[in-house]
Amino acid sequence: MQIVWKRYRRTVEIFQALLLTGLPFLQINGQSAFRFDIRELNLYFFGSVIRIGDFYLILVATLFLLLFISAVTIIFGRVWCGWLCPQTVLLDLTESLAAIFGKQHRKTLQKIVLLPVSALVSITMIWYFVPPAEAIRGLFTSPLIAGFFIVLWVLV
């Protein structure tokens with residue numbers, strides 16, 4: 001029975017990873033589907049533009065989301081921590097990738113696999129503030145973007 005749940009959990013993890021990595025590439029009305037533009041102080045949210053003056057709406061939505069996650073965790077136990085938490089998903093996916101190469105040096109391989117995966121997570125975080133094409137160019141031309149990428153990579 002445990003193997004069946006592990007398969008479902010792996011499917012949810014892969015779906016979440018693809019969704020979070022691919023969302024900055026989704027374009028609606030010529031803008032990213034979900035991105036906070038720091039220069040213009042706008043949040044692009046699935047075709048809508050929320051200006052900085054309307055950010056009280058974001059506060060309300062964030063508080064609702066946090067309360068919802070807390071309630072689900074209290075009621076259903078480890079739904080958040082075991083299935084949806086990005087940190088857990090990252091560690092489980094690196095463990096699975098390391099297992100592909102064998103069991104002999106699993107811990108070492110997991111750490112080696114974690115380097116490129118954490119680089120992908122770091123650049124994905126930047127894509128939520130800078131359009132992906134601009135962020136990739138900025139890695140090589142902008143000290144600010146490159147610095148943020150390196151700091152995020154080390155932290156992740």
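One is the number of the first residue; the rest follow in order along the sequence.
Within the structure, every pair that satisfies the side-chain hydrogen bond (donor to acceptor under 3.5 Å, both in side chains) test and touches residues 147-156, not counting sequence neighbours, is listed here: S118-W153.
The CG atom of D37 lies 11.0 Å from the CD1 atom of I52; values are rounded to the nearest 0.5 Å. Taking CG of L63 as the reference point, atom CG of L59 lies at 4.5 Å (rounded to 0.5 Å). In this structure, OH on Y56 lies 10.0 Å from CD1 on I50, to the nearest 0.5 angstrom. A distance of 12.5 Å separates CZ of F46 from CG of N29, quoted to the nearest 0.5 Å. Atoms CD1 and CD1, on I145 and I123 in that order, are 8.0 Å from each other to the nearest 0.5 Å. Note: L43 CG to I38 CD1 = 11.5 Å, rounded to the nearest 0.5 Å.
Hydrophobic cluster membership is shared by L139 and I150, with clusters built from Ile, Leu, Val, Met, Phe, Trp and Tyr side chains linked at under 4.5 angstrom. Residues F68 and I74 are members of separate hydrophobic clusters, defined by side-chain heavy-atom contacts under 4.5 angstrom among Ile, Leu, Val, Met, Phe, Trp and Tyr. A single hydrophobic cluster is seen to contain both L152 and L144, as judged by linkage of ILVMFWY side chains at heavy-atom distances under 4.5 Å, directly or through other members.
The shortest non-hydrogen separation linking M125 to V156 is CE-CG2, 3.3 Å. Taking both residues in full, the closest heavy atoms of P132 and S32 are given as CD-OG, 4.5 Å, listed atom of the first, atom of the second, then distance. Scanning all heavy atoms of the two residues, the minimum distance from I126 to A135 falls at CG2-CB, 4.0 Å.
Two residues are said to be in side-chain contact when any heavy atoms from C-beta on lie closer than 4.5 Å; T11 and I14 fail this criterion. Looking at R10 and R7, their side chains never come closer than 4.5 Å, going by heavy atoms from C-beta outward. Residues D92 and R9 are in side-chain contact: their nearest non-hydrogen atoms beyond the backbone lie under 4.5 Å apart.
For S122, there are no side chain to side chain donor-acceptor pair (under 3.5 Å) partners at least two apart in sequence or on another chain. E40 meets the side chain to side chain donor-acceptor pair (under 3.5 Å) test with N42, Y44; sequence neighbours excluded. The ring pair (Phe, Tyr, Trp, His ring centres under 6.0 Å) check on F25 picks up W127, with sequence neighbours excluded.
Residue F149 places its CZ atom among more than 12 non-hydrogen atoms of other residues, nucleotides or ligands, all under 6.0 Å distant. The environment of F36 atom CZ is dense: over 12 non-hydrogen atoms of other residues, nucleotides or ligands sit within 6.0 angstrom.
Hydrophobic cluster membership for V151: L155 (Ile, Leu, Val, Met, Phe, Trp, Tyr linked by side-chain heavy atoms under 4.5 Å, directly or transitively). With a 4.5 Å cut-off between side-chain heavy atoms of Ile, Leu, Val, Met, Phe, Trp and Tyr, the cluster of V60 takes in none.
A donor-acceptor pair under 3.5 Å is formed between the side chain of Y128 and the backbone N or O of L20.
Ion pairing between E134 and R39 holds under the 4.0 Å rule for side-chain N and carboxylate O.
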| message | Evaluate L120 against V117 for side-chain contact (heavy atoms from CB on, under 4.5 Å), listing each step before the verdict. | response | CA-CA 5 Å; L120 178 64; V117 171; 5.6 Å; no
